[in-house]
Protein chains: 2
Amino acid sequence: MINKSTEILKNSGLSVTAGRKSILDLFIASGNALAHQDIESGCSEQFDRVTIYRTLQTFLDKGIIHSIPATDSIIRYALCNETCTTTGHHHDNHIHFRCEQCSKTLCLDEVSIPIVKLPDGYMMHEINMVVTGICKSCR
Amino acid sequence: MINKSTEILKNSGLSVTAGRKSILDLFIASGNALAHQDIESGCSEQFDRVTIYRTLQTFLDKGIIHSIPATDSIIRYALCNETCTTTGHHHDNHIHFRCEQCSKTLCLDEVSIPIVKLPDGYMMHEINMVVTGICKSCR
DNA sequence: ACAACTTTTGCAACAAAGTTGCATTCTTGA
DNA sequence: TCAAGAATGCAACTTTGTTGCAAAAGTTGT
């Protein structure tokens, strides 16, 4: 296996194409979460918008990336770390941080989401926590 | 003061218009969070899409409603409870629940967001927690 | 209750984001 | 290497969100 992106694709049973590798490389290179737009403008080669939508959806389905909600209606995606290899829906147990200054969104892998007790009758499936504030490099 | 929606508007220093009252009434009537689309189709009278966007923005600014992030890129809004009357940005301290069956989004006012400790160098401003699962009425 | 003033609304025209079907091109496994 | 299946690009379209401006409200003081 030549490089990491190829490896990830093979491990997920996906065919290795220029687009997928390029998008994965972008995720690996950038330490933070990426929105569709970031990917469209950040890829080394130019790919069709539709291809990017479909690629992101595929990656989501395979559990290669996870989506991060935000109040600005822009969904960002980040690489799942190695431990979550389950295909399909999976739980990310870390919190996400969005910096109000540099507006980067990061996974804080070291901070895990605390357990909350739901009222009687509610069943929890997934949990998502996003903190906004000022990040380490912006202080 | 005739009814609740009028009261809320006056308290926030907003002029009372049919559109605003209608949208507020909808929020009061429906127990769950509403997306733009829900409001457009749910109002008694028909209002222009632009009016709804602007009204929601105004309500946000005044702290009448708060927005709830989600991983489906649809932002939903919910009435702020009486205790949070601060104009402008404010922190909701409760978690949000999205039911995967009926796909309603609710504020769980009784469950407050637990405190998390961020890594050194990070400053917290706002915090948001969304749980998905099955709600009480769908079991 | 009315006139003057300020806000809000609706419309039109855009811009951006996301979706679908289909023909072409690329990957993969034998 | 080649056939079968998967991924891509394109076109056309729908949905979502934004801006400027004129018309229609709402508000305030008298």
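Sequence lines set the chain letters: A, B, ... in the order given, protein chains first and strands last, and positions in each chain run from 1.
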(message) Using a 4.0 Å cut-off to any heavy atom of chain A, which nucleotides of DNA chain C are the first and last in contact, reading 5' to 3'?
(response) C:dA17 to C:dT28
(request) Find the distance B:Ile74:CD1 to D:dG17:C1' and express it as a whole number of Å. (result) 14 Å
(request) Write down the distance between OH (B:Tyr77) and C1' (D:dT16), rounded to a whole number of angstrom. (result) 11 Å
(request) Scan side-chain atoms only and decide if A:Asn3 and A:Glu7 contain a donor-acceptor pair under the 3.5 Å cut-off. (result) no
(request) Starting from P on D:dG17, measure out to NE2 on A:His36 and report it in whole angstrom. (result) 16 Å
(message) Assess, by modelled atom type and distance only, whether the side chains of B:Thr105 and B:Arg98 contain a donor and an acceptor separated by less than 3.5 Å.
(response) yes
(message) For B:Glu40 and A:Leu14, find the nucleotide of DNA chain D closest to each by heavy atoms; which residue's nucleotide sits nearer the 5' end?
(response) A:Leu14
(request) Check the distance between D:dA6's C1' and A:Leu9's CG and give it to me in whole angstrom. (result) 13 Å
(request) Starting from the 5' end of DNA chain D, give me the residue, B:Tyr53 or A:Gln46, whose nearest nucleotide shows up first. (result) A:Gln46
(request) Verify the ring-centre separation between A:Tyr122 and B:Phe97: is it less than 6.0 angstrom? (result) yes
(request) Rounded off to whole Å, could you give me the CG-to-P distance for the B:Asp72 and D:dT15 pair? (result) 17 Å
(request) Would you mind reading off the distance between A:Asp61 atom CG and D:dA6 atom C1', rounded to a whole angstrom? (result) 15 Å
(message) From CG of A:Asp48 over to P of D:dA11, roughly how many Å is that when rounded to an integer?
(response) 10 Å
(request) Over all heavy atoms of both residues, which pair between A:Ser67 and B:Thr71 is shortest? Give the atoms and the distance, please. (result) OG-CG2, 3.4 Å
(request) Would you name the heavy atoms of A:Met129 and B:Pro114 that are closest together and state the gap between them? (result) CE-O, 4.1 Å
(request) Give a yes-or-no answer on whether the side chains of A:Glu126 and B:Thr132 include a donor-acceptor pair shorter than 3.5 Å. (result) no
(request) May I ask you to say whether A:Asp120 pairs ionically with B:Lys136, meaning some side-chain N is under 4.0 Å from a carboxylate O? (result) no
(request) Can you tell me which residue pairs pass the ring pair (Phe, Tyr, Trp, His ring centres under 6.0 Å) test with a partner in residues 9-57 of chain B, sequence neighbours excluded? (result) B:His36-B:Tyr53
(request) Quantify the bending of the helix from C:dA1-D:dT30 to C:dA30-D:dT1 as the angle between its end axes, each fitted on five pairs, to 10°. (result) 50°
(request) Taking only Lys NZ, Arg NE, NH1 and NH2, and the carboxylate oxygens of Asp or Glu, determine whether A:Lys4 and A:Asp25 approach each other closer than 4.0 Å. (result) no
(message) Pick the closest DNA chain C nucleotide for A:Gln37 and for A:Ser15 by heavy atoms, then say which residue is nearer the 5' end.
(response) A:Gln37
(message) I need the CD1-C1' distance between A:Ile52 and D:dC10, as an integer number of Å.
(response) 15 Å
(request) Report yes or no: is there a donor-acceptor pair, N or O only, under 3.5 Å between the side chain of A:Arg54 and the base of D:dG9? (result) yes
